[in-house]
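Here is the structure we will look at, set down as structure tokens.
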Amino acid sequence: MNVAVTPNNFNGLVSEALKTTSRIIADRFDKRHDNVQRDIRKLMEQNPAWGSLNFEEAPYIDPQNGQTYQMYEMTRDGYSMLVMGFTGKKAMEWKIKFLEAFTAMEQRIKGGGGFQLPQSFGEALRLAADQAEQIEEMRPKVEALGRLEASEGSQVPRVVAKALGIPERKFFQWLHANNWAFRQGKTWQGYSEKIKQGYLEHETSTYTVHETGDERTKVQLKITPKGMARLAQIFAKGGAA
């Protein structure tokens with residue numbers, strides 16, 4: 001298993017709020033989600049005060065049927081307590097990767113996203129010139145996102161990627177690496193944190209299969225105007241979330 005964790009790529013394990021979810025745990029540790037939820041509830045029952053600080057229920061939409069279900073978001077302490085009893089070589093490898101992701105995210109937050117103060121006046125001038133050049137390069141993309149935000153409401157990621165001038169595949173990779181969205185089957189879904197922040201939303205629609213006449217539900221990920229504004233800020237800084 002080669003899933004290196006770096007200061008700017010957390011492999012969808014840990015969010016900017018220093019949390020992971022029961023769904024991510026179930027997926028990486030190859031466990032049933034309902035069993036992971038059961039184990040979390042047991043921990044919370046043993047110490048409700050501690051449990052309420054480290055586990056919190058959050059909704060998510062199942063891409064298969066469009067229904068809303070519950071998962072748990074958890075802190076590093078909650079994660080550590082939950083996976084303590086998981087055994088096996090694969091489990092040990094994932095335990096390490098999650099801890100690396102928590103540590104890397106914590107360091108990035110403490111370090112202000114990797115920003116360092118210039119050590120001399122000349123360095124400050126060079127830094128200012130570089131930033132001005134980057135902002136000027138991003139100006140057309142930011143303006144394009146601004147027009148989308150102002151006139152057309154929420155957009156699918158493909159449209160936003162085009163406005164940013166980023167290849168669609170690379171844009172989805174960024175969304176996944178920076179804990180904005182994850183893929184389940186053929187469907188992309190937004191992390192509950194980004195939905196709560198108003199950056200993403202899920203649009204559910206119903207369609208009829210012509211061959212059988214059956215009704216099916218389709219869930220589509222969209223980026224809200226607020227999310228587009230945030231992405232414009234992020235990519236104006238070179239894509240550092």
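Starting from 1, each residue takes its place in the sequence as its number. Computed from a predicted structure; not experimentally measured.
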Counterpart residues, side chain to side chain donor-acceptor pair (under 3.5 Å), relative to Asp39 (two or more places apart): none
Pairing residues for Thr21 by the side chain to side chain donor-acceptor pair (under 3.5 Å) criterion, not counting sequence neighbours: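 Not a single residue meets the side chain to side chain donor-acceptor pair (under 3.5 Å) criterion with Thr21.
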Side-chain donor-acceptor pairs of residues 162-172 under 3.5 Å, sequence neighbours excluded:
none

If two hydrophobic side chains count as joined below 4.5 Å and joins carry through other members, does Leu18 share a cluster with Tyr191? yes
Shared ILVMFWY cluster between Val160 and Leu200, side chains joined below 4.5 angstrom?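 Yes; Leu200 is reachable from Val160 via cluster members.
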For Phe55, all residues meeting ring pair (Phe, Tyr, Trp, His ring centres under 6.0 Å), sequence neighbours excluded: Trp50
Give a yes or no on whether the backbone of [Y] and the side-chain of [X] come within a donor-acceptor separation of less than 3.5 Å.
X	Y	result
Asn65	Gln67	yes
Gln37	Gln70	yes
Thr20	Val14	no

Looking only at non-hydrogen atoms, find the nearest pair between [X] and [Y] and report the distance.
X	Y	result
Ser22	Ile40	CB-CD1, 3.9 Å
Val219	Thr187	O-CG2, 3.5 Å
Leu221	Ala181	CD2-CB, 3.8 Å
Ser192	Met71	OG-CE, 3.4 Å
Ser154	Thr224	OG-CA, 3.4 Å

If you draw a 6.0 Å radius around CZ in Arg38, do more than 12 non-hydrogen atoms from other residues or ligands fall strictly inside? yes
Can you tell me if CZ on Arg41 sees more than 12 non-hydrogen neighbours from other groups inside 6.0 Å?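 Check passes, neighbour count above 12.
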So do [Y] and [X] actually touch side chain to side chain, heavy atoms under 4.5 Å?
X	Y	result
Arg23	Gln189	yes
Phe102	Gln107	no
Leu13	Trp94	yes

Would Lys97 and Glu100 satisfy salt bridge (Lys or Arg N to Asp or Glu O under 4.0 Å), going step by step from the backbone distance to the final call? CA-CA 5 Å; Lys97 292 300 177 186; Glu100 287 177 346; 3.6 Å; yes
How long is the straight-line distance from [atom2] of [Y] back to [atom1] of [X], given to the nearest 0.5 Å?
X	Y	atom1	atom2	answer
His33	Ile24	NE2	CD1	10.0 Å
Glu56	Lys19	CD	NZ	5.0 Å
Lys90	Phe29	NZ	CZ	10.0 Å

Might you work through the ring-ring contact (aromatic ring centres under 6.0 Å, His included) test for Trp188 and Phe182, ending with a clear yes or no? CA-CA 6 Å; Trp188 282 89; Phe182 61 94; 8.2 Å; no
Is the distance from the ring center of Trp180 to that of Tyr199 below 6.0 Å?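 Trp180 vs Tyr199: aromatic centres under 6.0 Å.
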Enumerate the salt bridge (Lys or Arg N to Asp or Glu O under 4.0 Å) contacts for residues 192-205, please, sequence neighbours excluded, ordered by first and then second residue. Glu16-Lys194, Glu73-Lys196, Glu203-Lys222
Show me the side-chain donor-acceptor pairs of residues 79-87 shorter than 3.5 Å, one per line, residues at least two apart or across chains.
{"residue": "Tyr79", "atom": "OH", "partner": "Lys95", "partner atom": "O", "Å": "3.1"}
{"residue": "Ser80", "atom": "OG", "partner": "Arg76", "partner atom": "O", "Å": "2.9"}

Begin with the C-alpha distance, continue with both residues' side-chain angles, and end with the deciding distance and a verdict on side-chain contact (heavy atoms from CB on, under 4.5 Å) for Met228 and Ile223. CA-CA 6 Å; Met228 285 185 272; Ile223 300 173; 3.8 Å; yes
Given Lys31 and Ile25, is the side-chain contact (heavy atoms from CB on, under 4.5 Å) satisfied, shown in steps? CA-CA 8 Å; Lys31 294 182 178 292; Ile25 295 294; 5.9 Å; no
Is it true that the NZ or CZ of Arg28 lies under 6.0 Å from the centre of Phe98's six-membered ring and within 45 degrees of the ring axis?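 No, Arg28 does not lie over the aromatic ring of Phe98.
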Please determine whether side-chain contact (heavy atoms from CB on, under 4.5 Å) holds for the pair Met74 and Asn54, giving the CA-CA distance in whole Å, both sets of side-chain angles, and the decisive distance to 0.1 Å. CA-CA 5 Å; Met74 69 195 78; Asn54 292 283; 5.9 Å; no
